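Since the structure is predicted, the reported quantities are computational estimates derived from the model, not experimental observations.
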Amino acid sequence: MLMLHIQKNKSIFRTLFLKYYLILIALAFPLTGFAQTDSLLNSLDSDVAIKTEYVTAAFKSTRVINAQSTENLTEGVLDFRIMHRFGPVNQGFYNFWGLDQANTRFQFDYGVKDWLQVGIGRSSVPKSYGGYVKWKFVRQSIGKVNMPISILYHAFMNVDALQYPDPVRNNDLTSRLSFVNQLIIGRKFSENFSLELIPTFIHDNLVELRTDKNDKYAMGVGFRQKISKRVSINFEYFYLYPTFTIQDAFKNALALGVDIETGGHVFQLHLTNTLTMTENNFITDHSESWLNGGIHLGFNISRVFTLYRK
């Protein structure tokens with residue numbers, strides 16, 4: 001009898017233990033689940049807190065108008081750009097306010113890396129060829145790395161292919177070369193406004209007069225004001241430090257334009273007092289003024305092709 005009683009008690013104890021053990025598991029499971037969820041959320045918050053977020057789309061294009069912007073093409077992207085400038089509007093009806101004249105540049109830009117862009121192009125006025133390298137070595141960001149500005153280095157070399165008027169002259173290749181070095185320092189202040197400064201050094205191997213300087217210094221400024229999702233207003237101005245014999249005849253480069261994004265194209269329509277479109281020319285080689293109608297209507301059309309994705 002005693003053995004039966006003990007066996008019965010064991011059976012009851014085992015049943016009660018099993019019942020309460022299951023209840024404890026059922027109660028503990030949501031607590032464990034919540035603890036794991038909280039731990040995961042804390043981990044995600046920590047990851048977000050230390051993540052570096054880079055600022056993008058300070059400008060719609062790799063150029064403000066004539067000048068380079070703080071934007072680079074992403075790796076594997078090719079940009080074919082047609083740049084066009086008509087003659088000055090003050091030529092009147094005979095030249096149809098400048099539309100009878102034109103200067104065209106074909107430009108190919110390529111993103112080697114997200115931080116490195118190269119390009120080559122050809123201008124009809126003056127007949128010249130040029131190539132450049134554009135290196136973004138500081139990038140505006142927030143988060144783990146808080147960097148308030150972007151800084152790029154732009155190096156351009158131009159070859160003048162015009163025929164010299166004196167056929168007897170020894171036209172060495174070196175006398176046709178010009179070099180441009182620029183720092184592009186920019187910041188995207190908000191979703192709608194971006195600004196950049198462009199200190200510039202230009203060296204011409206050959207100058208027109210002996211009294212002219214081969215080395216020239218300029219300071220550029222450009223900004224973009226976004227007015228809608230696909231439209232923005234752009235402005236740029238370059239002040240050239242006095243370097244010419246007849247400085248009064250020289251007018252600094254000033255341009256005002258509108259950017260319109262349409263799918264894979266960016267269409268830029270603008271007004272400028274410069275006919276040329278490379279830095280060694282449009283910063284230094286013009287004497288037209290907005291005040292007397294020396295204004296050129298122009299446009300840039302950009303078509304982007306993705307050759308491969310990272």
Side-chain angles (χ1 to χ4, degrees), residues 58-59 62-72 83 85 105 107 117-119 121 123 125-126 128-138 149-160 162 174-187 194-224 234-257 270 272-291 294 296:
F59 292 85
T62 57
R63 291 180 183 265
V64 183
I65 295 175
N66 291 317
Q68 296 281 351
S69 75
T70 56
E71 293 301 303
N72 267 12
M83 307 169 71
R85 306 291 183 272
R105 180 172 180 82
Q107 181 77 34
Q117 179 178 313
V118 297
S123 297
V125 179
S128 64
Y129 302 83
Y132 74 88
V133 175
K134 186 178 174 185
W135 170 35
K136 182 182 288 189
F137 59 92
V138 175
I149 59 174
S150 293
I151 307 177
L152 299 85
Y153 171 65
H154 171 236
F156 174 76
M157 185 181 75
N158 187 78
V159 181
D160 188 347
L162 281 172
T174 55
S175 65
R176 297 176 174 272
L177 299 180
S178 297
F179 303 90
V180 178
N181 291 273
Q182 294 180 312
L183 281 180
I184 306 171
I185 306 166
R187 174 175 171 80
S194 301
L195 175 71
E196 65 178 35
L197 298 176
I198 315 172
T200 302
F201 169 70
I202 300 172
H203 176 83
D204 294 319
N205 280 359
L206 181 67
V207 292
E208 187 174 355
L209 301 175
R210 290 182 181 273
T211 52
D212 289 341
K213 296 180 180 180
N214 297 85
D215 295 338
K216 305 172 181 67
Y217 302 90
M219 175 59 76
V221 60
F223 71 76
R224 172 209 183 201
N234 289 6
F235 170 88
E236 68 180 35
Y237 175 78
F238 279 86
Y239 173 76
L240 181 71
Y241 294 95
T243 55
F244 297 105
T245 304
I246 309 176
Q247 188 66 26
D248 292 340
F250 179 83
K251 303 299 179 183
N252 289 307
L254 172 65
L256 180 66
H270 42 257
T272 174
N273 62 337
T274 64
L275 179 65
T276 54
M277 292 165 279
T278 57
E279 289 79 4
N280 63 300
N281 287 314
F282 78 79
I283 295 176
T284 65
D285 293 346
H286 59 89
S287 58
E288 295 175 297
S289 171
W290 278 65
L291 298 179
H296 301 260

| remark: Nearest heavy-atom contact between Phe223 and Val64 is O-CG1, 4.3 Å
| message | Is the ring pair Tyr239/Tyr241 parallel, tilted or perpendicular, if the boundaries are 30 and 60 degrees? | response | perpendicular
| request: Would you indicate whether the side-chain heavy atoms of Thr278 and Arg105 approach each other to under 4.5 Å? | output: yes
| What's the spacing between Glu196 CD and Leu183 CG if we round to 0.5 Å? | 11.5 Å
| Do you know the tightest heavy-atom contact between Gln107 and Gly121? | OE1-CA, 3.7 Å
| task | Look only at the side chain of Asn273 and the backbone of Glu288, and say whether a donor-acceptor pair between them is shorter than 3.5 Å. | result | yes
| request: Search all heavy atoms of Asn234 against all heavy atoms of Leu256 and return the closest pair with its distance. | output: O-CD1, 3.3 Å
| query | What's the shortest heavy-atom distance between Ser69 and Leu152, and which atoms? | reply | O-CD2, 4.3 Å
| query | Would you call His154 and Glu279 a side-chain contact if the rule is heavy atoms closer than 4.5 Å? | reply | yes
| message | Which residues pass the ring-ring contact (aromatic ring centres under 6.0 Å, His included) test with Tyr153, not counting sequence neighbours? | response | none
| said: Rounded to the nearest 0.5 Å, what separates atom CD in Glu236 from atom CG in Leu254? | reply: 8.5 Å
| Residues forming a ring-ring contact (aromatic ring centres under 6.0 Å, His included) with Tyr237, sequence neighbours excluded | none
| Side chains of Phe156 and Gln68: does their closest heavy-atom pair fall under 4.5 Å? | no
| Got a sec, which residues hit ring-ring contact (aromatic ring centres under 6.0 Å, His included) with His270, two or more places apart in sequence or on another chain? | none
| Mind checking whether Leu177 and Val159 have side chains closer than 4.5 Å, heavy atoms only? | yes
| said: Quick one, Phe179 and Asn280 - any side-chain contact, counting heavy atoms below 4.5 Å? | reply: no
| remark: Sorted by chain and number, sequence neighbours left out, ring-ring contact (aromatic ring centres under 6.0 Å, His included) with Phe282 holds for Phe238
| Is any side-chain heavy atom of Asn281 closer than 4.5 Å to a side-chain heavy atom of Pro126? | yes
| Could you give the distance from OG1 (Thr62) to CD (Glu71), rounded to the nearest 0.5 Å? | 8.5 Å
| message | Less than 4.5 Å apart, side chain to side chain, heavy atoms only: is that true for Thr70 and Ser194? | response | no
| task | Measure the OG1-CG distance between Thr274 and Asp285 for me, rounded to the nearest 0.5 Å. | result | 10.5 Å
| Nearest-0.5 Å distance that lies between atom CZ in Phe235 and atom CD1 in Ile65 | 8.5 Å
Going by atom type alone, with no hydrogens or angles, which donor-acceptor pairs under 3.5 Å involve a side-chain atom of residues 200-207 and a protein atom two or more places apart or on another chain?
| from | atom 1 | to | atom 2 | distance (Å) |
| --- | --- | --- | --- | --- |
| Thr200 | OG1 | Gln182 | NE2 | 3.0 |
| Thr200 | OG1 | Ile198 | O | 3.1 |
| His203 | ND1 | Asp215 | OD1 | 2.5 |
| His203 | NE2 | Asn205 | OD1 | 3.0 |
| Asp204 | OD1 | Ser178 | OG | 2.7 |
| Asp204 | OD2 | Lys216 | NZ | 2.7 |
| Asn205 | ND2 | Thr174 | O | 2.7 |

| Side chain to side chain, Asn158 and Val180, heavy atoms closer than 4.5 Å | no
| Distance (rounded to the nearest 0.5 Å) between Ile149 CD1 and Arg187 CZ | 9.0 Å
| said: Applying side chain to side chain donor-acceptor pair (under 3.5 Å), can you list everything that pairs with Gln117, at least two apart in sequence or on another chain? | reply: Tyr132
| So which heavy atom on Arg176 is nearest to which on Leu162, and how close? | NH1-O, 2.7 Å
